[in-house]
Amino acid sequence: MDKEPFSYKYTRPCLDWFDWVSVEIKPDDYCYFRIERRFGPSWWLIGMNPKNEPKYHWKEEQIGEISDYDLRRFIQWAKSESGSKIIEVKAISGSFDIIEEILKFSA
């Protein structure tokens with residue numbers, strides 16, 4: 001059975017208001033993902049695919065901000081029979097404890 005796409009929405013500042021951004025990730029869009037804890041504090045989702053030219057490297061694409069609720073759903077969606085497509089968790093601020101933040105999702 002094929003996995004359904006993962007969909008969610010987030011808000012982005014626009015002039016003096018906010019716009020809703022709709023995100024849909026198909027199972028084959030990215031090989032792997034990274035989640036980042038950024039200032040705010042907020043979580044951001046990064047998609048990663050391998051590139052062979054000019055030499056082998058990872059091409060990363062910022063997908064967007066993701067709420068705690070949607071991140072919990074995404075963590076479950078990213079699981080596979082062989083593990084998870086989430087291969088990296090990163091913090092872009094030393095003002096909070098990234099390990100404590102990760103543990104909140106395992107509770």
Side-chain angles (χ1 to χ4, degrees):
M1 182 171 98
D2 290 328
K3 187 182 274 194
E4 293 293 319
F6 181 82
S7 301
Y8 73 99
K9 291 183 177 183
Y10 69 96
T11 58
R12 174 177 53 203
C14 178
L15 300 174
D16 63 344
W17 200 244
F18 293 91
D19 283 340
W20 282 99
V21 177
S22 296
V23 175
E24 181 179 90
I25 304 167
K26 296 179 183 87
D28 295 329
D29 284 350
Y30 302 98
C31 287
Y32 298 110
F33 297 94
R34 177 174 70 233
I35 52 177
E36 294 181 351
R37 186 67 166 176
R38 295 186 180 176
F39 300 101
S42 60
W43 288 101
W44 285 75
L45 192 55
I46 311 298
M48 303 163 63
N49 281 319
K51 295 293 175 186
N52 291 325
E53 298 296 329
K55 63 178 183 175
Y56 186 82
H57 66 282
W58 289 99
K59 180 178 181 198
E60 298 180 354
E61 180 179 335
Q62 180 174 283
I63 297 169
E65 187 172 7
I66 188 166
S67 69
D68 288 0
Y69 170 77
D70 288 326
L71 183 55
R72 287 180 191 274
R73 292 188 316 113
F74 180 77
I75 290 168
Q76 293 303 313
W77 181 85
K79 288 183 178 179
S80 68
E81 292 177 10
S82 60
S84 176
K85 291 180 85 172
I86 300 171
I87 61 167
E88 188 176 347
V89 179
K90 180 179 178 180
I92 300 185
S93 173
S95 64
F96 48 80
D97 184 347
I98 188 67
I99 302 302
E100 182 179 315
E101 295 297 321
I102 293 169
L103 289 173
K104 288 179 185 178
F105 287 102
S106 64

Is a side-chain N or O of [X] found less than 3.5 angstrom from the main chain of [Y], in a donor-acceptor match?
X	Y	answer
Trp77	Glu4	yes
Lys85	Tyr30	yes
Arg37	Val89	no

- [ ] List for me each residue that meets salt bridge (charged side-chain N to carboxylate O under 4.0 Å, His left out) alongside Lys26, sequence neighbours excluded, and say none if there are none.
- [x] Glu24
TODO: Using salt bridge (charged side-chain N to carboxylate O under 4.0 Å, His left out) as the criterion, list what pairs up with Glu36, not counting sequence neighbours.
DONE: Arg34, Arg38
Can [Y] be reached from [X] by stepping across I, L, V, M, F, W or Y side chains whose heavy atoms are under 4.5 Å apart?
X	Y	result
Ile66	Trp20	no
Ile99	Ile35	yes
Ile63	Val21	yes

TODO: Starting from the C-alpha separation in whole Å, work towards a yes-or-no answer on side chain to side chain contact (heavy atoms under 4.5 Å, CB included) for Arg73 and Asp70.
DONE: CA-CA 5 Å; Arg73 292 188 316 113; Asp70 288 326; 3.1 Å; yes
Please tabulate, for the side chains in residues 40-50, all donor-acceptor contacts under 3.5 angstrom to protein atoms that are two or more places apart in sequence or on a different chain.
unit_1: Ser42; atom_1: OG; unit_2: Trp44; atom_2: NE1; d: 3.1
unit_1: Asn49; atom_1: OD1; unit_2: Cys31; atom_2: N; d: 2.8
unit_1: Asn49; atom_1: ND2; unit_2: Asp29; atom_2: O; d: 3.0

When rounded to the nearest 0.5 angstrom, what distance separates [atom1] in [X] from [atom2] in [Y]?
X	Y	atom1	atom2	result
Ile25	Lys3	CD1	NZ	11.0 Å
Arg12	Phe18	CZ	CZ	12.0 Å
Leu71	Tyr8	CG	OH	9.0 Å

Task: Donor-acceptor pair between Glu88 and Tyr32 side chains, under 3.5 angstrom - done: no
Task: Phe74 ring center within less than 6.0 Å of Phe33 ring center - done: yes
